[in-house]
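Counting starts at 1 for both ligands and their atoms, following the listed order. Keep in mind the model is a prediction, meaning the values are calculated, not measured. Sequence positions, counted from 1, serve as the residue numbers for this chain.
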Amino acid sequence: MRIPFNKPYMTGRELEYIAQAHANKHLAGNGIFTRRCQDWLQQRLGCRKALLTHSCTAALEMAALLADFQAGDEVILPSFTFVSTANAFVLRGAVPVFVDVRPDTLNLDETLVEAAITPRTRAIVAVHYAGVPAEMDALRDIADRHGLLLIEDAAQAVLSQYRGRPAGSLSHLAAVSFHETKNVISGEGGALLINDPRFLTRAEILWEKGTNRTALLRGEVDKYTWIDIGSSFLPSELIAAFLWAQLEQADDILAQRLHIWETYHKAFAPLENQGAIRRPIIPPHCCHNAHMYYLLLDGLSARTRLIEQLKSQDISAVFHYVPLHSAPAGRRYGRAHGPMSITDRTSDSLVRLPLWLGIETVLPRIIASVYQSCHAVSPPLAA
Ligand SMILES: *Cc1c(COP(=O)(O)O)cnc(C)c1O
């Protein structure tokens, strides 16, 4: 039996809630299900205000609009990330300045950020890679001292914590994703999380095509009109209904993913001791959400060998990211600050293993295959 890399998990109530949205005859955005999801996000992720969007990419674009970038303004971000982290700002004419990542968490190296700041720098974007929060206290301190915005790309980090505080609440603006490859899903989907009250009013306006329609729905104005730039960032109620079925089960999904993650992590400890691989490192002050299980191999050929070995046994494993600083668009629109050696090395040596609810029964097969590729004998799995 083929083992896919990802398998979207359904909680079972998605279609029931979509049927309710259908019966409510409210299919456009900002209805009952949207508000339920937003309330949940505000409560659980500790943000002032959550606005559902049709993707995390859209939420990042809203953050870039709110930051009011002028052409040529700079934004500091990791190169080891998904394209949207950079694209959202490039769309506004900003220049992404790529900084290397820490070797342990593969998050933005906060010790390199200050040297990359110029008079044009407007914002720092931290990505919580694999759902492990970046060093937000240090980044916040740098942002505050230089008068910069701090933005979290928390696409992968729903229900992760940094020093007891939820990812998404640690910056001025944050973005999360409900893409079908994330922990909690709606196919495509996301949310903008607003922590700085300065942005509350304008965020709602940008969200609703540049109008004050949200204020009208609350009865604060008696007609709505065009008052700012904006776009259509809202998802339909059908999407929000699906998402609500997932958010209701988010804690259960998290517990099950953590269990799978721990099974991998324990199983690969002997391989790490033999020096064949490196496992993910979770700092003691971070609680991750088991978004991803990855292994770091000893360079490109070992990585290719492992992916081929897994493929020969019908197990789908993938690598990412092609560093943004050396990608064609990254070179055209941005620049690297300093050598990007950890980013380049990680990009060549990282493998993501399948991680989805229901994978438990085939985990021994995947683990044995990894051991085989490293010419080691896998230990029996602890029950
Ligand atoms: C998935 C992801 C995104 C994009 O999310 P979408 O909802 O697909 O737009 C952005 N940044 C990171 C780090 C991601 O992992």
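Judged by distance alone, the side chain of Q70 and the main-chain N or O of D68 form a donor-acceptor pair under 3.5 Å. Using modelled atom types, one side-chain atom of S79 and one backbone atom of L324 make a donor-acceptor pair closer than 3.5 Å.
Of all the heavy atoms of T57, the ones lying under 4.0 Å from any atom of ligand 1 are found in both the backbone and the side chain. With a 4.0 Å cut-off on non-hydrogen atoms, A155 touches ligand 1 through its side chain and not its backbone.
The environment of OH in Y9 is crowded: more than 12 heavy-atom neighbours from other residues, nucleotides or ligands sit within 6.0 Å.
At least one heavy atom of G189 lies less than 4.0 angstrom from ligand 1.
Residue, atom and distance of the protein heavy atom nearest to atom 15 (O) of ligand 1 are Q156 NE2, 2.8 Å. In this structure, atom 3 (C) of ligand 1 lies nearest to the protein heavy atom F82 CD2, 3.6 Å. In terms of protein heavy-atom proximity, atom 1 (C) of ligand 1 is nearest to K182 NZ, 1.7 Å. For atom 13 (C) of ligand 1, the nearest protein heavy atom (residue, atom name, distance) is D153 OD2, 3.5 Å. Looking only at heavy atoms of the protein, atom 7 (O) of ligand 1 is closest to S177 OG, 2.7 Å.
Here the rule is ring-ring contact (aromatic ring centres under 6.0 Å, His included) with Y294, and of W261, F268, F319, Y129 only Y129 fits it.
Below 3.5 Å of separation, one finds no N or O of S84 facing any N or O of ligand 1. Every N/O-N/O distance between E188 and ligand 1 stays at or above 3.5 Å.
For ligand 1 and V127, the ligand atoms under 4.0 Å from any heavy atom of the residue are 13 (C). The contact set between ligand 1 and S55, taken as ligand atoms under 4.0 Å from a residue heavy atom, comprises 7 (O), 9 (O). Set against the non-hydrogen atoms of C56, the atoms of ligand 1 under 4.0 Å away are 4 (C), 5 (O), 6 (P), 7 (O), 9 (O).
A parallel orientation is assigned to the rings of F233 and H54, their planes being inclined by less than 30° (bins at 30° and 60°).
Using a 4.5 Å cut-off on side-chain heavy atoms (C-beta onward), R44 and D251 make contact.
Between R345 atom CZ and L350 atom CG the span is 12.0 Å, to the nearest 0.5 Å. Of the inter-residue distances, the one linking H291 atom NE2 with N183 atom CG reads 6.0 Å to the nearest 0.5 angstrom.
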### Query
Given the rule in the salt bridge (Lys or Arg N to Asp or Glu O under 4.0 Å) test, do D39 and R35 qualify, once you have shown the distances and angles that lead to the verdict?
CA-CA 6 Å; D39 287 346; R35 285 193 289 275; over 6 Å; no
